[in-house]
Colleague: 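This is the structure I want to talk about, given as structure tokens.
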Amino acid sequence: MSSASLNVEIRRIRDLAPGIREFSLSRTDGDDFPIYSGGSHIVLSLPLSDRPHRNPYSLLGDPTDRKTWRVAVRKQEDSRGGSRWLHEQAREGMRIDISAPVNLFSLNRLGRRHILVAGGIGITPILSQARELARLGADFEVHYAYRAPEYGVFVDELEALAPGRIHHYVQSRREQIEFSSLLAGRPLGTHFYICGPGGMVAASMNAGKALGWPESHLHSEQFLAPTGGEPFDVQLTLSGKAFTVPSDLSLLEAIEQQGVDAPYLCRGGACGQCELEVVDASGELIHHDLYLSAEERASGKKIMPCVSRLKGGCLTLNL
């Protein structure tokens, strides 16, 4: 586990748009939540019928609100169960476990100006960042792209935070963000933050680098969902475990089912915390993470078990 868990009650469920739900959570022990920083996420442990299922979701509320935490969940069409359970089975009054907050997408408070960009459900960490910047009196603007007017689910909250500094791009109106124009001519000390689909994030990063932005001023976040695949065998050298990873489990989930404590933070292929050493692989390593370099992938010596797996054969890990 990445951190101690908290038991919470689902106090309120709101349907925000087709396929998007918001959940308000409160502690069952009555204590206050810890303060978190804008961009933080938590991991929800969901009681699927045969196993616990852990999914990361960004906190979108006021970071100083210690009574209620809010997350929004988009129902994934290819859901392995987590988002589907939240949309179809979760009810107000239910209790679940969550992790303490982790921030892999934090603001640089020394920045002279901040440009926040969100695509679709990527608005969730951006919203908490905007709240923090508004409270600090910082210079910032938000660019929010979404599919159609009904999917601009947090427009009102954003407009209340920063009137005149929220820019909307509605795909159904053929509006899109031109990153080269957005990032050009910005003063030194400007920081850029984006959360959204992979293609959108890549386009923004490429535009920033082409314009000479330092990498330290370009910040992005993506969480990847584990993808299924054919079953494969695993041997753990330190714990002496041998087992098969089924098609509907990630490698990390299968390790946890064996009672082996494997490290993690994001469970979405972004942070590198769950990196494991590959001792041997008789099949093909299928890397889906956002962390390893091309050279590290080619070496065949590392794997991120939260999202990556083996195709055929047996995988031996130093765990």
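Everything numeric in this text was worked out from a predicted model, so none of it was measured.
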Colleague: Parallel, tilted or perpendicular: which fits the ring planes of His191 and His217, with parallel below 30° and perpendicular above 60°?
Modeller: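 Taking His217 first and then His191, their aromatic rings lie parallel (interplane angle under 30°).
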Colleague: Taking Arg21 for its side chain and Ile13 for its backbone only, find out whether a donor-acceptor pair lies under 3.5 Å.
Modeller: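 No: the side chain of Arg21 does not pair with the backbone of Ile13.
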Colleague: Is it true that the side chains of Ser26 and Arg11 contain a donor and an acceptor less than 3.5 Å apart?
Modeller: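 Side-chain D/A pair, Ser26 to Arg11: present.
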Colleague: Can you confirm whether or not the ring centre of Phe23 sits under 6.0 Å from the ring centre of Trp69?
Modeller: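 No, they do not, as the ring centres are separated by 6.0 Å or more.
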Colleague: With no hydrogens and no angle check, is any side-chain donor or acceptor of His87 less than 3.5 Å from a backbone partner on Val73?
Modeller: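 Yes.
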Colleague: Within a 6.0 Å radius of atom CG on Leu238, are there more than 12 heavy atoms belonging to other residues, nucleotides or ligands?
Modeller: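 More than 12 within 6.0 Å, yes.
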Colleague: Using modelled atom types and a 3.5 Å cut-off, is there a donor and acceptor pairing between side-chain atoms of Glu157 and backbone atoms of Phe154?
Modeller: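 No, the answer is negative, given that no donor and acceptor are paired below the 3.5 Å cut-off.
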Colleague: Go through the steps to decide whether Gln176 and Glu178 satisfy the test side chain to side chain donor-acceptor pair (under 3.5 Å), and finish with yes or no.
Modeller: CA-CA 6 Å; Gln176 64 178 11; Glu178 298 293 343; 3.2 Å; yes
Colleague: How about Glu221 and His219: does a side-chain donor come under 3.5 Å of a side-chain acceptor?
Modeller: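 The criterion, which ignores hydrogens and geometry beyond distance, is not satisfied for His219 and Glu221.
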Colleague: Please check if any side-chain donor atom of His168 sits under 3.5 Å from a side-chain acceptor atom of Glu159, or the reverse.
Modeller: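 Indeed, the side chains of His168 and Glu159 share at least one donor-acceptor pair under 3.5 Å.
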Colleague: Sequence neighbours excluded and cut-off under 3.5 Å, please list the side-chain donor-acceptor pairs for residues 105-115, or say none.
Modeller:
from	atom 1	to	atom 2	distance (Å)
Asn108	OD1	Leu110	N	2.9
Asn108	OD1	Gly111	N	3.3
Arg109	NE	Glu132	OE2	3.3
Arg109	NH2	Glu132	OE2	2.8
Arg113	NE	Asp139	OD2	3.1
His114	ND1	Tyr193	OH	3.1

Colleague: Have a look at Ile255 and tell me which of Asp261, Val245, Leu249, Val260 forms a side-chain contact (heavy atoms from CB on, under 4.5 Å) with it.
Modeller: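 One option only clears the test, and that one is Val260.
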Colleague: For the pair Trp213 and Phe192, name the ring-plane relationship: parallel under 30°, tilted 30 to 60°, perpendicular over 60°.
Modeller: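 Ring orientation, 0 to 90° scale: perpendicular.
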Colleague: State whether a side-chain donor-acceptor pair under 3.5 Å links His167 with Tyr144.
Modeller: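 On atom types as modelled, these side chains do not qualify, holding no pair under 3.5 Å.
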